[in-house]
Number of protein chains: 2
Amino acid sequence: MPRPARVSPEKILAAAAAEFAERGYAGARVDRIARRARVNKAMLYYHFASKQGLYRTLLRQVFGAIATQLQAIAATESLDPAAKLDAAVATLAVHIEAHRYFPSIMLREVADGGTHLDAETLAALAAVPAAFAAILRPGIANGAFREMHPIAAYFTTIAPILMFVASGPVRTQIVSRKHVQLPGSPLTTDAFLADLTTSLQRAFAAAPVRQKRS
Amino acid sequence: MPRPARVSPEKILAAAAAEFAERGYAGARVDRIARRARVNKAMLYYHFASKQGLYRTLLRQVFGAIATQLQAIAATESLDPAAKLDAAVATLAVHIEAHRYFPSIMLREVADGGTHLDAETLAALAAVPAAFAAILRPGIANGAFREMHPIAAYFTTIAPILMFVASGPVRTQIVSRKHVQLPGSPLTTDAFLADLTTSLQRAFAAAPVRQKRS
DNA sequence: GTCTATACCCTGATAGAC
DNA sequence: GTCTATCAGGGTATAGAC
């Protein structure tokens, strides 16, 4: 039988995601999370032991979700290496579109050095580069991609996506000021991703036998 | 005549850089900054009006310093486009090595959406991509690089550098746990930068006339 | 310019009724 | 499970002596 719909924990997690993404762990306020979730603060502490406990639970979920999606791509045997790389970027993009808080949380956790995380949450975080490495591995093995370190490829791929999306608000603020400019015309996320995809395919492709220009 | 050596403000700024990098704006403690700088907290408020004022002054300096270095590369006429790109990456790397706090602060400010910044500080931040765009411009103009949006190229270049370096602590924490792994062997910053340089040269180079493999 | 002491607010967390 | 009331600790900032 379907367990009684405990809507509170899910609503709290959703509110926490938004709050932690906007303010970071230290800047987040438990009061604000409770208000956003429309639950009483005592209720929040009833479901989650503490601010830290809530944070860890949230991050385990966030990292787990994205790792699972990347693992699915790695396991799809019908895709050739280049298609898998494109699929990884596209999947990241779709996931971010549906979960706007993801980039900021990832960036903040990197900057925080994993201070607020326990072993289990760190493991969930580590699953993300592991899944990405699994996506690239066949391509490197069969010579479609050049020899490269999986961690290097990982950061070369996801860092631009995360930072571009997360920087949306700053870029908006900069452009909205008089006398301050950003080079080039406004750049949409789709256009950015298209450009990045081109860059990554060229960056990772096995070196052409001869490629000379004078 | 040389103005009396006011060592305090510089020491405070240095301490603030470390504290804000490690904890972020919200997580930073004025007490701790004062203690790190070995000055009294009242002294800190004497030189800087507030925590926010200190933060803005620091960031203006941080962003200004890196923008200046990139502008110098852009202005060096003896370098060809590919060399300028390599020089930009190398300069970023050297600057980060000398100022370890830089990547975390940049990441955090992106995630924070520029909330704590005033117009002047935002302008200093905007000068960084502007300088980078100036580095690439001649290469795009003369056909050495492919057509690409300067902002796309900017994030494709600096995001990996910033995130790789800033993620040092998390990666260390992950690896230090039993039962949690990161793919590949340990990756040094130098090896990462070498790989990234290769990736970027290929990513930005004008499309070779023909590059086919079957 | 430098320091001590302190005001005052905010925040995470809990007690205890219902 | 849900809510009100409240506390203890720690945070920014300043007053005022030297």
Side-chain angles (χ1 to χ4, degrees), chain A residues 1-60 105 108-109 111-112 115-118 121, chain B residues 1-60 105 108-109 111-112 115-118 121:
Chain A
M1 56 186 162
R3 158 183 323 142
R6 298 185 318 155
V7 56
S8 291
E10 283 73 18
K11 269 171 59 182
I12 293 169
L13 253 351
E19 176 76 3
F20 284 125
E22 283 172 24
R23 318 260 187 173
Y25 181 80
R29 296 294 168 247
V30 176
D31 278 334
R32 215 152 30 203
I33 295 174
R35 199 150 32 80
R36 288 176 107 135
R38 303 197 185 190
V39 300
N40 193 279
K41 183 167 57 162
M43 203 57 223
L44 186 155
Y45 279 100
Y46 174 80
H47 286 296
F48 302 90
S50 63
K51 180 184 181 179
Q52 193 184 56
L54 172 58
Y55 187 68
R56 290 174 176 175
T57 304
L58 170 69
L59 289 216
R60 247 174 282 151
I105 286 183
R108 289 184 194 280
E109 207 40 60
D112 280 343
T115 333
H116 320 293
L117 306 185
D118 54 2
T121 314
Chain B
M1 56 188 162
R3 155 184 325 142
R6 298 185 317 156
V7 55
S8 292
E10 283 72 18
K11 269 171 59 182
I12 293 170
L13 253 350
E19 176 76 4
F20 284 124
E22 282 172 24
R23 319 259 185 171
Y25 181 79
R29 296 294 167 251
V30 175
D31 277 333
R32 214 151 30 203
I33 295 174
R35 200 150 33 78
R36 287 177 108 135
R38 305 198 184 191
V39 300
N40 192 280
K41 183 167 55 164
M43 202 58 223
L44 187 154
Y45 279 101
Y46 174 79
H47 286 296
F48 302 90
S50 62
K51 180 183 181 179
Q52 194 184 59
L54 171 58
Y55 187 67
R56 290 174 176 176
T57 304
L58 170 68
L59 289 218
R60 247 173 282 152
I105 287 183
R108 288 183 193 281
E109 207 40 60
D112 280 343
T115 332
H116 320 294
L117 306 185
D118 54 1
T121 314

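So you know, we letter chains A, B, ... as the sequences are listed, proteins then strands, and number each from 1.
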* Length of the line joining A/Met43:CE and D/dG1:C1', which is rounded to integer Å -> 5 Å
* Asked: What heavy-atom pair brings B/Arg36 and B/Ala18 nearest, and what distance separates the two atoms?
  -> NH2-CB, 3.7 Å
* To do: In whole angstrom, give the distance that lies between atom CZ of B/Arg23 and atom C1' of D/dT12.
  => 17 Å
* Length of the line joining B/Leu44:CG and D/dT14:P, which is rounded to integer Å -> 12 Å
* Asked: So which heavy atom on B/Ile33 is nearest to which on B/Ala15, and how close?
  -> O-CB, 3.5 Å
* Please report the closest heavy-atom contact between A/Glu22 and B/Asp112, naming both atoms and the distance. => O-OD1, 4.2 Å
* Asked: Among pairs that include at least one residue of residues 23-35 of chain B, which meet side-chain hydrogen bond (donor to acceptor under 3.5 Å, both in side chains), considering only residues two or more places apart or in two chains?
  -> B/Glu19-B/Arg32, B/Asp31-B/Lys41
* Would you indicate whether the side-chain heavy atoms of A/Glu10 and A/Leu13 approach each other to under 4.5 Å? => no
* Please give, in whole Å, the distance from D/dT14 C1' to B/Asn40 CG? -> 12 Å
* Asked: What is the per-nucleotide protein-contact pattern of nucleotides 11-17 of chain C, from the 5' end, where B denotes a base atom under 4.0 Å from a protein heavy atom, S denotes such proximity for sugar-phosphate atoms only, and - denotes neither?
  -> SBBB---
* Whole-Å distance between D/dT12 C1' and B/His47 NE2? -> 18 Å
* Structure fact -> B/His47 meets the ring-ring contact (aromatic ring centres under 6.0 Å, His included) criterion, sequence neighbours left out, with none
* Asked: To the nearest angstrom, how far is B/Ile33 atom CD1 from D/dA13 atom P?
  -> 11 Å
* To do: Rounded to the nearest angstrom, tell me the gap between atom OH in A/Tyr46 and atom C1' in C/dC18.
  => 15 Å
* Rounded to the Å, how far apart are B/His116 NE2 and D/dT12 P? -> 13 Å
